[in-house]
J.: 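This structure is in C-alpha coordinates; I'll ask about it shortly.
Letters A, B, ... are given to chains in the order of the sequence lines, protein chains preceding strands, and every chain is numbered from 1.
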Amino acid sequence: MRIRYFAWLKQRVGRGEEEIELPAEVRTVGDLKAWLGARHPRFAEACAATGVVKAAVDHEFAEDDRPLAGAREVAFFPPVTGG
Amino acid sequence: MRIRYFAWLKQRVGRGEEEIELPAEVRTVGDLKAWLGARHPRFAEACAATGVVKAAVDHEFAEDDRPLAGAREVAFFPPVTGG
Amino acid sequence: MTVRVVDGPFDPWAELAAFCRGRTEAGAVASFTGLVRGEHGGERILAMTLEHYPGMTERQLARLETEARARWPLADVLVVHRVGRMLPGEPIVLVATASAHRAAALEACAFLIDWLKTKAPFWKLEETPSGERWVQARSEDERAAARWER
Amino acid sequence: MTVRVVDGPFDPWAELAAFCRGRTEAGAVASFTGLVRGEHGGERILAMTLEHYPGMTERQLARLETEARARWPLADVLVVHRVGRMLPGEPIVLVATASAHRAAALEACAFLIDWLKTKAPFWKLEETPSGERWVQARSEDERAAARWER
(Lines give C-alpha, C1' and ligand atoms only; values in the text may rest on other atoms or scores of the structure.)
Protein backbone atom coordinates (compact mmCIF):
# COMPACT_ATOMS: atom_id res chain seq x y z
CA MET A 1 0.00 0.00 0.00
CA ARG A 2 1.22 3.50 -0.84
CA ILE A 3 1.27 6.08 1.96
CA ARG A 4 1.56 9.79 1.08
CA TYR A 5 2.26 12.85 3.20
CA PHE A 6 1.62 16.49 2.28
CA ALA A 7 2.55 20.00 3.41
CA TRP A 8 4.24 20.21 6.82
CA LEU A 9 3.45 16.54 7.58
CA LYS A 10 5.77 15.62 4.71
CA GLN A 11 8.51 17.72 6.34
CA ARG A 12 7.85 16.15 9.75
CA VAL A 13 7.92 12.59 8.44
CA GLY A 14 10.91 13.39 6.23
CA ARG A 15 9.41 11.89 3.07
CA GLY A 16 6.50 12.47 0.68
CA GLU A 17 5.59 8.84 0.24
CA GLU A 18 6.45 5.27 1.18
CA GLU A 19 5.32 1.79 0.26
CA ILE A 20 4.29 -0.43 3.15
CA GLU A 21 3.19 -4.01 3.59
CA LEU A 22 -0.02 -3.62 5.54
CA PRO A 23 -0.03 -5.87 8.66
CA ALA A 24 -3.21 -7.92 9.00
CA GLU A 25 -4.17 -6.26 12.28
CA VAL A 26 -4.25 -2.77 10.68
CA ARG A 27 -7.86 -2.60 9.48
CA THR A 28 -8.82 1.10 9.58
CA VAL A 29 -7.39 4.56 8.99
CA GLY A 30 -7.14 4.95 12.77
CA ASP A 31 -5.16 1.68 13.08
CA LEU A 32 -2.86 2.86 10.30
CA LYS A 33 -2.20 6.20 12.01
CA ALA A 34 -1.19 4.38 15.19
CA TRP A 35 1.00 1.91 13.29
CA LEU A 36 2.74 4.68 11.29
CA GLY A 37 3.14 6.71 14.48
CA ALA A 38 5.29 3.92 15.93
CA ARG A 39 7.64 4.30 12.92
CA HIS A 40 7.59 8.11 12.75
CA PRO A 41 7.50 9.73 16.22
CA ARG A 42 6.83 13.20 14.75
CA PHE A 43 3.82 11.83 12.87
CA ALA A 44 2.49 10.38 16.14
CA GLU A 45 3.03 13.80 17.73
CA ALA A 46 0.93 15.51 15.02
CA CYS A 47 -1.82 12.87 15.28
CA ALA A 48 -2.04 13.46 19.02
CA ALA A 49 -3.37 17.01 18.40
CA THR A 50 -7.08 16.95 17.55
CA GLY A 51 -8.10 17.76 13.98
CA VAL A 52 -4.59 18.46 12.73
CA VAL A 53 -4.08 15.32 10.63
CA LYS A 54 -6.65 14.64 7.92
CA ALA A 55 -6.73 11.48 5.82
CA ALA A 56 -7.84 10.41 2.36
CA VAL A 57 -8.25 6.85 1.09
CA ASP A 58 -7.92 6.54 -2.69
CA HIS A 59 -8.48 10.31 -3.11
CA GLU A 60 -11.55 10.50 -0.85
CA PHE A 61 -11.57 12.16 2.57
CA ALA A 62 -11.77 9.44 5.25
CA GLU A 63 -12.36 9.36 9.00
CA ASP A 64 -10.50 7.12 11.47
CA ASP A 65 -13.12 4.36 11.27
CA ARG A 66 -12.80 3.98 7.50
CA PRO A 67 -11.79 0.35 6.65
CA LEU A 68 -8.67 -0.10 4.53
CA ALA A 69 -9.71 -3.32 2.78
CA GLY A 70 -9.03 -2.94 -0.95
CA ALA A 71 -7.40 0.51 -0.64
CA ARG A 72 -4.36 1.26 -2.80
CA GLU A 73 -3.30 4.67 -1.47
CA VAL A 74 -3.76 6.46 1.84
CA ALA A 75 -2.73 10.10 2.28
CA PHE A 76 -2.22 12.18 5.42
CA PHE A 77 -2.16 15.97 5.45
CA PRO A 78 -3.02 19.05 7.54
CA PRO A 79 -6.33 20.92 7.04
CA VAL A 80 -6.43 22.41 3.53
CA THR A 81 -5.66 26.10 2.91
CA GLY A 82 -6.13 26.68 -0.83
CA GLY A 83 -8.24 29.14 -2.76
CA MET B 1 -39.65 74.38 -13.46
CA ARG B 2 -38.34 71.65 -15.74
CA ILE B 3 -40.37 68.45 -16.04
CA ARG B 4 -38.77 65.32 -17.52
CA TYR B 5 -40.23 62.02 -18.67
CA PHE B 6 -38.34 58.77 -19.29
CA ALA B 7 -38.84 55.39 -21.00
CA TRP B 8 -42.41 54.61 -22.05
CA LEU B 9 -43.77 57.60 -20.11
CA LYS B 10 -41.87 59.81 -22.52
CA GLN B 11 -43.60 58.04 -25.42
CA ARG B 12 -47.00 58.36 -23.74
CA VAL B 13 -46.62 62.06 -23.03
CA GLY B 14 -45.09 62.63 -26.45
CA ARG B 15 -42.11 64.60 -25.17
CA GLY B 16 -38.99 64.08 -23.04
CA GLU B 17 -39.19 67.39 -21.20
CA GLU B 18 -41.12 70.59 -20.82
CA GLU B 19 -40.78 73.85 -18.91
CA ILE B 20 -43.75 74.83 -16.80
CA GLU B 21 -44.73 77.80 -14.67
CA LEU B 22 -45.68 76.12 -11.41
CA PRO B 23 -49.15 77.32 -10.22
CA ALA B 24 -49.20 78.40 -6.56
CA GLU B 25 -51.64 75.65 -5.55
CA VAL B 26 -49.29 72.86 -6.77
CA ARG B 27 -47.26 72.22 -3.63
CA THR B 28 -46.22 68.55 -3.76
CA VAL B 29 -45.21 65.84 -6.20
CA GLY B 30 -48.73 64.41 -5.89
CA ASP B 31 -50.26 67.81 -6.75
CA LEU B 32 -47.96 68.06 -9.76
CA LYS B 33 -48.95 64.60 -11.03
CA ALA B 34 -52.62 65.60 -10.91
CA TRP B 35 -51.94 68.96 -12.59
CA LEU B 36 -49.85 67.37 -15.38
CA GLY B 37 -52.50 64.65 -15.77
CA ALA B 38 -55.02 67.31 -16.73
CA ARG B 39 -52.69 68.39 -19.59
CA HIS B 40 -51.65 64.88 -20.67
CA PRO B 41 -54.50 62.34 -20.43
CA ARG B 42 -52.17 59.39 -21.06
CA PHE B 43 -49.96 60.54 -18.16
CA ALA B 44 -53.04 60.60 -15.93
CA GLU B 45 -53.88 57.08 -17.10
CA ALA B 46 -50.40 55.82 -16.12
CA CYS B 47 -50.58 57.58 -12.74
CA ALA B 48 -53.90 55.87 -12.02
CA ALA B 49 -52.15 52.47 -11.90
CA THR B 50 -50.44 51.94 -8.53
CA GLY B 51 -46.64 51.97 -8.45
CA VAL B 52 -46.19 52.49 -12.16
CA VAL B 53 -45.07 56.13 -12.12
CA LYS B 54 -42.03 56.94 -10.00
CA ALA B 55 -40.78 60.49 -9.36
CA ALA B 56 -37.49 62.21 -8.63
CA VAL B 57 -37.01 65.80 -7.45
CA ASP B 58 -33.62 67.26 -8.32
CA HIS B 59 -32.21 63.75 -8.95
CA GLU B 60 -33.53 62.21 -5.72
CA PHE B 61 -36.35 59.67 -5.57
CA ALA B 62 -39.45 61.37 -4.14
CA GLU B 63 -42.84 60.22 -2.88
CA ASP B 64 -46.16 62.01 -3.57
CA ASP B 65 -45.98 64.03 -0.34
CA ARG B 66 -42.60 65.55 -1.21
CA PRO B 67 -42.89 69.40 -1.27
CA LEU B 68 -41.79 71.16 -4.46
CA ALA B 69 -40.63 74.41 -2.86
CA GLY B 70 -37.20 75.30 -4.26
CA ALA B 71 -37.09 72.39 -6.72
CA ARG B 72 -35.63 73.00 -10.19
CA GLU B 73 -36.34 69.70 -11.92
CA VAL B 74 -38.94 66.98 -11.43
CA ALA B 75 -38.75 63.70 -13.36
CA PHE B 76 -41.34 60.97 -13.88
CA PHE B 77 -40.51 57.45 -15.03
CA PRO B 78 -41.55 53.80 -14.74
CA PRO B 79 -39.83 51.44 -12.26
CA VAL B 80 -36.17 51.07 -13.20
CA THR B 81 -34.92 48.00 -15.11
CA GLY B 82 -31.15 48.45 -15.51
CA GLY B 83 -28.24 46.26 -14.56
CA MET C 1 -13.30 57.30 -11.13
CA THR C 2 -14.80 54.11 -9.81
CA VAL C 3 -18.35 54.70 -11.09
CA ARG C 4 -18.82 55.28 -14.81
CA VAL C 5 -21.62 55.43 -17.37
CA VAL C 6 -20.37 54.67 -20.88
CA ASP C 7 -22.30 55.14 -24.12
CA GLY C 8 -20.36 52.67 -26.26
CA PRO C 9 -18.97 49.14 -25.97
CA PHE C 10 -16.67 48.47 -23.02
CA ASP C 11 -14.44 45.53 -22.18
CA PRO C 12 -15.20 44.23 -18.67
CA TRP C 13 -12.13 41.96 -18.71
CA ALA C 14 -9.77 44.83 -19.52
CA GLU C 15 -11.54 46.82 -16.77
CA LEU C 16 -11.01 43.98 -14.29
CA ALA C 17 -7.38 43.55 -15.32
CA ALA C 18 -6.77 47.26 -14.66
CA PHE C 19 -8.75 47.04 -11.41
CA CYS C 20 -6.44 44.27 -10.13
CA ARG C 21 -3.11 45.44 -11.56
CA GLY C 22 -0.51 45.72 -8.83
CA ARG C 23 -3.08 44.90 -6.18
CA THR C 24 -1.29 43.14 -3.32
CA GLU C 25 -3.20 44.45 -0.30
CA ALA C 26 -6.62 42.94 -1.07
CA GLY C 27 -6.48 39.35 -2.20
CA ALA C 28 -10.21 38.84 -2.83
CA VAL C 29 -11.85 40.23 -5.97
CA ALA C 30 -15.50 39.53 -6.80
CA SER C 31 -17.29 40.60 -9.96
CA PHE C 32 -20.68 40.53 -11.59
CA THR C 33 -21.14 41.08 -15.32
CA GLY C 34 -24.48 41.40 -17.07
CA LEU C 35 -24.62 40.48 -20.75
CA VAL C 36 -27.41 41.21 -23.24
CA ARG C 37 -29.38 38.00 -23.66
CA GLY C 38 -30.37 36.69 -27.07
CA GLU C 39 -33.80 35.58 -25.91
CA HIS C 40 -36.32 36.78 -23.31
CA GLY C 41 -39.72 35.37 -22.47
CA GLY C 42 -39.57 33.06 -25.48
CA GLU C 43 -38.86 35.85 -27.98
CA ARG C 44 -35.62 36.52 -29.79
CA ILE C 45 -33.85 39.75 -28.82
CA LEU C 46 -32.31 41.57 -31.77
CA ALA C 47 -30.95 44.48 -29.75
CA MET C 48 -31.35 46.24 -26.44
CA THR C 49 -31.33 49.98 -25.75
CA LEU C 50 -30.54 51.30 -22.30
CA GLU C 51 -32.01 54.70 -21.54
CA HIS C 52 -30.96 56.52 -18.38
CA TYR C 53 -31.35 59.80 -16.51
CA PRO C 54 -28.02 61.64 -16.82
CA GLY C 55 -27.08 63.34 -13.60
CA MET C 56 -29.34 61.23 -11.41
CA THR C 57 -27.65 58.02 -12.60
CA GLU C 58 -24.16 59.08 -11.56
CA ARG C 59 -25.50 60.39 -8.26
CA GLN C 60 -27.29 57.12 -7.44
CA LEU C 61 -24.32 54.97 -8.46
CA ALA C 62 -21.97 57.06 -6.31
CA ARG C 63 -24.40 56.67 -3.42
CA LEU C 64 -24.44 52.88 -3.89
CA GLU C 65 -20.68 52.83 -3.73
CA THR C 66 -20.65 54.95 -0.55
CA GLU C 67 -23.21 52.63 1.04
CA ALA C 68 -21.22 49.51 0.12
CA ARG C 69 -18.01 50.99 1.54
CA ALA C 70 -19.83 51.86 4.77
CA ARG C 71 -21.06 48.28 5.18
CA TRP C 72 -17.99 46.24 4.19
CA PRO C 73 -14.21 46.76 4.49
CA LEU C 74 -13.54 47.31 0.79
CA ALA C 75 -10.21 48.26 -0.71
CA ASP C 76 -11.85 49.27 -3.98
CA VAL C 77 -15.11 49.30 -5.93
CA LEU C 78 -15.73 49.57 -9.67
CA VAL C 79 -19.10 50.05 -11.39
CA VAL C 80 -19.37 50.48 -15.16
CA HIS C 81 -22.81 50.68 -16.79
CA ARG C 82 -23.33 50.98 -20.51
CA VAL C 83 -26.18 53.00 -22.07
CA GLY C 84 -27.45 53.27 -25.66
CA ARG C 85 -28.08 50.47 -28.15
CA MET C 86 -26.26 47.14 -27.77
CA LEU C 87 -26.37 43.62 -29.21
CA PRO C 88 -26.86 40.17 -27.66
CA GLY C 89 -23.72 38.94 -25.90
CA GLU C 90 -22.42 42.46 -25.27
CA PRO C 91 -21.75 43.55 -21.67
CA ILE C 92 -24.29 45.91 -20.08
CA VAL C 93 -22.88 46.27 -16.60
CA LEU C 94 -19.83 45.38 -14.54
CA VAL C 95 -19.61 45.52 -10.76
CA ALA C 96 -16.30 44.62 -9.06
CA THR C 97 -15.19 44.73 -5.44
CA ALA C 98 -11.80 44.14 -3.82
CA SER C 99 -11.23 43.33 -0.18
CA ALA C 100 -8.81 41.53 2.10
CA HIS C 101 -11.82 39.41 3.03
CA ARG C 102 -13.51 37.01 0.62
CA ALA C 103 -16.96 37.28 2.25
CA ALA C 104 -16.86 41.10 2.13
CA ALA C 105 -15.98 41.14 -1.58
CA LEU C 106 -18.69 38.61 -2.49
CA GLU C 107 -21.45 40.15 -0.37
CA ALA C 108 -20.70 43.73 -1.42
CA CYS C 109 -20.75 42.67 -5.08
CA ALA C 110 -24.20 41.04 -4.65
CA PHE C 111 -25.41 44.09 -2.74
CA LEU C 112 -24.25 46.52 -5.43
CA ILE C 113 -25.93 44.74 -8.32
CA ASP C 114 -29.14 44.15 -6.32
CA TRP C 115 -29.39 47.81 -5.36
CA LEU C 116 -28.37 49.04 -8.78
CA LYS C 117 -31.24 47.02 -10.29
CA THR C 118 -33.82 48.88 -8.19
CA LYS C 119 -32.26 52.27 -7.41
CA ALA C 120 -30.37 53.45 -10.48
CA PRO C 121 -32.46 55.15 -13.21
CA PHE C 122 -31.93 52.85 -16.19
CA TRP C 123 -34.63 51.47 -18.48
CA LYS C 124 -34.31 48.65 -20.99
CA LEU C 125 -36.00 48.67 -24.38
CA GLU C 126 -35.85 45.36 -26.25
CA GLU C 127 -36.06 45.00 -30.03
CA THR C 128 -37.71 41.72 -31.00
CA PRO C 129 -38.85 40.39 -34.40
CA SER C 130 -42.38 41.54 -33.49
CA GLY C 131 -41.36 45.05 -32.46
CA GLU C 132 -40.06 47.06 -29.54
CA ARG C 133 -41.03 46.55 -25.91
CA TRP C 134 -39.99 48.12 -22.63
CA VAL C 135 -38.76 45.57 -20.10
CA GLN C 136 -41.03 45.26 -17.06
CA ALA C 137 -39.60 45.63 -13.57
CA ARG C 138 -39.50 42.28 -11.75
CA SER C 139 -40.79 41.75 -8.24
CA GLU C 140 -37.80 39.41 -7.65
CA ASP C 141 -35.54 42.43 -8.06
CA GLU C 142 -37.45 44.31 -5.36
CA ARG C 143 -37.17 41.30 -3.06
CA ALA C 144 -33.48 40.87 -3.80
CA ALA C 145 -32.86 44.54 -2.93
CA ALA C 146 -35.09 44.36 0.17
CA ARG C 147 -32.84 41.80 1.87
CA TRP C 148 -30.15 44.50 2.14
CA GLU C 149 -32.49 47.02 3.83
CA ARG C 150 -31.75 47.75 7.47
CA MET D 1 -12.64 21.37 -19.43
CA THR D 2 -14.23 23.58 -16.84
CA VAL D 3 -12.00 22.58 -13.90
CA ARG D 4 -8.24 23.01 -14.28
CA VAL D 5 -5.11 22.94 -12.14
CA VAL D 6 -2.29 24.96 -13.73
CA ASP D 7 1.34 25.01 -12.61
CA GLY D 8 2.30 28.37 -14.11
CA PRO D 9 0.87 31.90 -14.33
CA PHE D 10 -2.63 32.19 -15.79
CA ASP D 11 -4.65 35.21 -16.88
CA PRO D 12 -8.07 35.22 -15.18
CA TRP D 13 -9.30 38.06 -17.43
CA ALA D 14 -8.48 36.16 -20.61
CA GLU D 15 -10.17 33.11 -19.04
CA LEU D 16 -13.28 35.17 -18.28
CA ALA D 17 -13.32 36.70 -21.76
CA ALA D 18 -13.24 33.20 -23.28
CA PHE D 19 -15.85 32.00 -20.77
CA CYS D 20 -18.26 34.75 -21.93
CA ARG D 21 -17.46 34.83 -25.65
CA GLY D 22 -20.61 34.36 -27.70
CA ARG D 23 -22.64 33.77 -24.55
CA THR D 24 -26.18 34.99 -25.23
CA GLU D 25 -28.25 32.45 -23.28
CA ALA D 26 -27.04 33.30 -19.78
CA GLY D 27 -26.85 37.00 -19.06
CA ALA D 28 -25.45 36.81 -15.52
CA VAL D 29 -21.77 36.04 -14.92
CA ALA D 30 -20.24 36.09 -11.44
CA SER D 31 -16.58 35.58 -10.62
CA PHE D 32 -14.22 35.34 -7.70
CA THR D 33 -10.48 35.80 -8.09
CA GLY D 34 -7.93 35.23 -5.34
CA LEU D 35 -4.63 37.13 -5.58
CA VAL D 36 -1.44 36.52 -3.62
CA ARG D 37 -1.29 39.17 -0.91
CA GLY D 38 1.87 41.13 -0.20
CA GLU D 39 1.38 41.02 3.55
CA HIS D 40 -0.17 38.58 6.02
CA GLY D 41 -0.45 38.83 9.78
CA GLY D 42 1.81 41.89 9.77
CA GLU D 43 4.62 40.18 7.87
CA ARG D 44 5.69 40.84 4.31
CA ILE D 45 5.08 37.97 1.87
CA LEU D 46 7.90 37.51 -0.62
CA ALA D 47 6.33 34.53 -2.40
CA MET D 48 3.72 31.83 -1.94
CA THR D 49 3.93 28.18 -2.91
CA LEU D 50 0.78 26.13 -3.41
CA GLU D 51 1.21 22.41 -2.89
CA HIS D 52 -1.58 20.06 -3.86
CA TYR D 53 -2.49 16.37 -4.11
CA PRO D 54 -2.60 15.52 -7.82
CA GLY D 55 -5.49 13.25 -8.62
CA MET D 56 -7.46 14.03 -5.50
CA THR D 57 -7.51 17.75 -6.38
CA GLU D 58 -9.11 17.28 -9.79
CA ARG D 59 -11.59 14.80 -8.32
CA GLN D 60 -12.66 17.20 -5.55
CA LEU D 61 -12.93 20.17 -7.91
CA ALA D 62 -15.06 18.15 -10.35
CA ARG D 63 -17.28 17.12 -7.44
CA LEU D 64 -17.68 20.78 -6.39
CA GLU D 65 -18.78 21.65 -9.89
CA THR D 66 -21.29 18.77 -9.95
CA GLU D 67 -22.69 19.87 -6.59
CA ALA D 68 -23.04 23.50 -7.72
CA ARG D 69 -24.83 22.46 -10.92
CA ALA D 70 -27.22 20.28 -8.89
CA ARG D 71 -28.12 23.22 -6.63
CA TRP D 72 -28.42 26.10 -9.10
CA PRO D 73 -29.52 26.41 -12.75
CA LEU D 74 -26.08 27.13 -14.20
CA ALA D 75 -25.28 27.45 -17.86
CA ASP D 76 -21.55 27.08 -17.19
CA VAL D 77 -18.91 26.85 -14.48
CA LEU D 78 -15.17 27.53 -14.62
CA VAL D 79 -12.62 26.81 -11.90
CA VAL D 80 -8.89 27.42 -12.43
CA HIS D 81 -6.46 26.93 -9.55
CA ARG D 82 -2.76 27.58 -9.80
CA VAL D 83 -0.13 25.50 -7.98
CA GLY D 84 3.61 26.00 -7.51
CA ARG D 85 5.48 29.16 -6.55
CA MET D 86 3.91 32.57 -7.23
CA LEU D 87 4.49 36.23 -6.36
CA PRO D 88 2.35 38.88 -4.62
CA GLY D 89 -0.36 40.25 -6.90
CA GLU D 90 -0.48 37.09 -9.04
CA PRO D 91 -3.77 35.19 -9.34
CA ILE D 92 -4.09 31.95 -7.35
CA VAL D 93 -7.64 30.94 -8.17
CA LEU D 94 -10.54 31.89 -10.43
CA VAL D 95 -14.12 30.72 -10.01
CA ALA D 96 -16.74 31.83 -12.55
CA THR D 97 -20.40 30.95 -12.98
CA ALA D 98 -22.90 31.81 -15.73
CA SER D 99 -26.67 31.64 -15.39
CA ALA D 100 -29.82 33.21 -16.75
CA HIS D 101 -30.44 34.22 -13.12
CA ARG D 102 -28.32 36.74 -11.27
CA ALA D 103 -28.92 35.22 -7.82
CA ALA D 104 -27.95 31.73 -9.04
CA ALA D 105 -24.68 32.98 -10.54
CA LEU D 106 -23.74 34.95 -7.41
CA GLU D 107 -24.69 32.27 -4.89
CA ALA D 108 -23.06 29.43 -6.81
CA CYS D 109 -19.85 31.47 -7.10
CA ALA D 110 -19.77 32.05 -3.32
CA PHE D 111 -20.56 28.37 -2.71
CA LEU D 112 -17.76 27.17 -4.99
CA ILE D 113 -15.03 29.26 -3.41
CA ASP D 114 -16.25 28.50 0.13
CA TRP D 115 -16.26 24.76 -0.52
CA LEU D 116 -12.99 24.85 -2.43
CA LYS D 117 -11.32 26.50 0.58
CA THR D 118 -12.23 23.56 2.84
CA LYS D 119 -12.59 20.54 0.52
CA ALA D 120 -9.88 20.77 -2.12
CA PRO D 121 -6.41 19.48 -1.12
CA PHE D 122 -4.25 22.60 -1.49
CA TRP D 123 -1.76 23.91 1.04
CA LYS D 124 -0.12 27.33 1.12
CA LEU D 125 3.49 27.91 2.09
CA GLU D 126 4.45 31.56 2.59
CA GLU D 127 7.97 32.93 2.21
CA THR D 128 8.55 35.88 4.55
CA PRO D 129 11.72 37.83 5.38
CA SER D 130 12.01 35.68 8.54
CA GLY D 131 11.59 32.36 6.74
CA GLU D 132 8.97 29.96 5.45
CA ARG D 133 5.69 29.14 7.15
CA TRP D 134 2.70 26.97 6.30
CA VAL D 135 -0.57 28.90 6.35
CA GLN D 136 -2.93 27.78 9.11
CA ALA D 137 -6.49 26.76 8.28
CA ARG D 138 -8.99 29.36 9.48
CA SER D 139 -12.11 28.55 11.45
CA GLU D 140 -13.94 31.26 9.43
CA ASP D 141 -13.41 29.09 6.35
CA GLU D 142 -15.04 26.13 8.08
CA ARG D 143 -17.97 28.32 9.10
CA ALA D 144 -18.31 29.79 5.61
CA ALA D 145 -18.42 26.29 4.12
CA ALA D 146 -20.83 25.03 6.81
CA ARG D 147 -23.55 27.44 5.74
CA TRP D 148 -23.88 25.48 2.49
CA GLU D 149 -24.32 22.10 4.26
CA ARG D 150 -27.74 20.55 4.01
J.: With the side chain counted from C-beta on, respond yes when Thr24(D) and Leu35(C) share a heavy-atom pair under 4.5 Å apart, and no when they do not.
T.: no
J.: Considering only heavy atoms, which portion of Ala96(D) lies under 4.5 Å from any heavy atom of chain C: side chain, backbone, both, or neither?
T.: neither
J.: May I ask you to name which of Gly38(D), Cys109(D), Gly27(D) has the most heavy-atom pairs under 4.5 Å with chain C?
T.: Gly27(D)
J.: Among Thr97(C), Ile92(C), Asp141(C), which residue forms the greatest number of heavy-atom pairs with chain D at distances under 4.5 Å?
T.: Asp141(C)
J.: Please evaluate residues Cys20(C) and Trp13(D) with respect to the criterion side-chain contact (heavy atoms from CB on, under 4.5 Å), reporting the C-alpha separation (whole Å), side-chain torsions for both, the decisive distance (0.1 Å), and the verdict.
T.: CA-CA 10 Å; Cys20(C) 289; Trp13(D) 325 121; 3.5 Å; yes
J.: Between Gly34(C), Ala17(C), Ala30(C), which shows the greatest number of heavy-atom pairs under 4.5 Å with chain D?
T.: Ala17(C)
J.: Heavy-atom distances under 4.5 Å only: say whether Arg21(C) touches chain D with side chain, backbone, both or neither.
T.: neither
J.: Surrounding CD of Gln136(D) (heavy atoms of other residues, nucleotides or ligands, distance under 6.0 Å), is the total greater than 12?
T.: no
J.: Side chain, backbone, both or neither: which part of Arg138(C) has a heavy atom under 4.5 Å from chain D?
T.: side chain
J.: Name the region of Leu106(D), side chain, backbone, both or neither, that has any atom closer than 4.5 Å to a heavy atom of chain C.
T.: side chain
J.: Specify which of Ala100(D), Pro91(D), Ser31(D) makes the most heavy-atom pairs with chain C at under 4.5 Å.
T.: Ser31(D)
J.: Around atom CD of Glu39(C), are there more than 12 heavy atoms of other residues, nucleotides or ligands at under 6.0 Å?
T.: yes
J.: Against chain C, work out which of Val93(D), Asp114(D), Asp11(D) has the most heavy-atom pairs shorter than 4.5 Å and name it.
T.: Asp114(D)
J.: Can you tell me how far NZ of Lys117(C) sits from CZ of Arg102(D), rounded to the nearest 0.5 angstrom?
T.: 5.0 Å
J.: Mind listing the closest non-hydrogen atom pair of Arg37(C) and Glu25(D) along with its distance?
T.: CD-O, 3.9 Å
J.: Could you tell me which portion of Ala144(D) (side chain, backbone, both or neither) has an atom closer than 4.5 angstrom to a non-hydrogen atom of chain C?
T.: side chain
J.: For Arg44(C), does the CZ atom sit with more than 12 other heavy atoms under 6.0 Å from it, leaving out its own atoms?
T.: no
